[in-house]
Amino acid sequence: MKNAYKQKREAGFTIIEVLIVLAIAALILLIVFLAVPALQRNARNTQRKSDAANIGSAISNFEGNNSGALPTAYGYSDQDQVTMLLHCTGATPAVTGSYQAGTDLGAPNKFGCLTSNKNFDSAKLGYYKPADTKVFFNNAALGALGPSAPGSESNSNISTNSLIINLGYTCNSTNTGIGSASSRSVAILYVAESSTGDGNLQCVQS
């Protein structure tokens, strides 16, 4: 009789054991709940940085192919909506399909970029999309530019959803904003997400 009782008792779990298992499961769920958003945020920031670097590389290539001139306009081919095409004002690149205009700085001779400069260069983008119209060209001193909440992006107001290509300027010494004027440099600004606030301004120089 005692052996039968003992076997029956050993076959189940005590309340304490169940509570311990539930506590461990809750801890695991909490860790996952906290880790997944951070991993997703890091992935987006990595793509933002990659896009900025790709644009910087394309601008450097453009300078090399156009006697040191900086591009003064960009757009996209409708055959590939994630490829930015950098070119001179008035020298729209011949692409397959129709051309979707982006931003144009105007004066054809600005930064030595002439209508006769038929060469263009391209940059693959992963995070910033043409349809969002959140990529901006600028060639003015932006002063104390800081990140803002999404929704009011412009060529002088930046958020985690936008990117500013500031021609004729360098990055500052900490790569967190605009530095000094330089006719052959380009500062590419984007905002990296943070766990709080509007994010952190970052700068990539070409």
Side-chain angles (χ1 to χ4, degrees), residues 48-143 145 153-159 161-173 175-191 201-206:
R48 290 183 179 98
K49 184 176 181 179
S50 177
D51 282 1
N54 288 344
I55 293 172
S57 178
I59 290 173
S60 294
N61 290 338
F62 184 93
E63 286 185 275
N65 292 327
N66 290 280
S67 304
L70 294 174
T72 55
Y74 77 83
Y76 308 88
S77 165
D78 64 4
Q79 297 297 305
D80 189 350
Q81 290 288 289
V82 293
T83 299
M84 171 186 281
L85 305 173
L86 297 153
H87 60 90
C88 290
T89 294
T92 302
V95 296
T96 303
S98 61
Y99 173 79
Q100 176 185 334
T103 303
D104 191 327
L105 287 180
N109 62 347
K110 191 178 289 293
F111 298 109
C113 205
L114 306 173
T115 306
S116 57
N117 293 355
K118 299 299 182 182
N119 294 318
F120 68 92
D121 218 291
S122 61
K124 283 283 187 182
L125 304 183
Y127 181 81
Y128 303 101
K129 302 294 189 298
D132 295 338
T133 60
K134 297 291 173 58
V135 177
F136 301 95
F137 254 13
N138 203 341
N139 64 321
L142 297 177
L145 182 69
E153 294 85 2
S154 69
N155 65 352
S156 60
N157 194 33
I158 191 168
S159 81
N161 290 337
S162 66
L163 180 146
I164 297 174
I165 305 166
N166 202 23
L167 285 80
Y169 288 88
T170 64
C171 294
N172 63 17
S173 59
N175 293 321
T176 56
I178 295 295
S180 58
S182 173
S183 61
R184 295 301 179 200
S185 295
V186 178
I188 302 163
L189 300 154
Y190 69 96
V191 176
L201 188 62
Q202 304 292 313
C203 186
V204 173
Q205 185 173 317
S206 172

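The shown structure was predicted, so the numbers you read here are calculated from the model rather than taken from an experiment.
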Taking Thr72 for the side chain and Thr89 for the main chain, is one N or O donor matched with an acceptor at less than 3.5 Å? yes
Nearest 0.5 Å, what's the CD1-NZ distance between Ile55 and Lys124? 13.5 Å
Atom CD in Gln202, atom CG in Leu189: separation rounded to 0.5 Å? 10.0 Å
Test Ser77 against Thr83 for side-chain contact (heavy atoms from CB on, under 4.5 Å), laying out the working first. CA-CA 7 Å; Ser77 165; Thr83 299; over 6 Å; no
Regarding Ser182 and Thr170, do their side chains bring together a donor and an acceptor under 3.5 Å, going by distance alone? no
Under 3.5 Å: donor-acceptor pair, side chain of Ser185, backbone of Ala181: no
Tyr190 versus Tyr128: any side-chain heavy-atom pair under 4.5 Å? yes
To the nearest 0.5 Å, atom CG of Asn66 lies from atom CG of Leu86 at 10.5 Å
Is there side-chain contact between Asn155 and Thr103, with at least one heavy-atom pair below 4.5 Å? no
Distance-only, no hydrogens or angles: does the Arg184 side chain make a donor-acceptor pair with backbone N or O of Gly68 under 3.5 Å? yes
Spell out, as yes or no, whether a donor-acceptor pair under 3.5 Å connects the side chain of Asn119 to the backbone of Asn65. yes
Pairs satisfying side chain to side chain donor-acceptor pair (under 3.5 Å), at least one member in residues 50-59, at least two apart: Gln47-Asp51
N/O donor-acceptor pairs under 3.5 Å from side chains in residues 105-115, not counting sequence neighbours:
none

Quick one: closest heavy-atom pair of Ala73 and Phe137, and the distance? N-CE2, 3.4 Å
Could you go step by step and tell me if Ile158 and Leu142 meet the side-chain contact (heavy atoms from CB on, under 4.5 Å) rule? CA-CA 11 Å; Ile158 191 168; Leu142 297 177; over 6 Å; no
Taking the side chain as every heavy atom from C-beta outward, state whether Asp121 and Pro71 have any pair of such atoms under 4.5 Å apart. no
Glu63 vs Leu70 side-chain heavy atoms within contact, under 4.5 Å: yes
Show the nearest heavy-atom pair for residues Phe136 and Ser154, with the distance to one decimal. CD1-O, 3.3 Å
Side chains of Asn139 and Tyr169: any donor to acceptor distance under 3.5 Å? no
How about Ile59 and Ile165: do any of their side-chain heavy atoms sit closer than 4.5 Å? yes
Side-chain heavy-atom pair Tyr127, Asn161 within 4.5 angstrom cut-off: yes
Would you name the heavy atoms of Ala58 and Ser122 that are closest together and state the gap between them? CB-O, 3.4 Å
In this structure, which one of Phe62, Tyr74, Tyr99 forms a ring pair (Phe, Tyr, Trp, His ring centres under 6.0 Å) with His87? Tyr99
Side chain proximity check, Asn166 to Leu145, heavy atoms < 4.5 angstrom: no
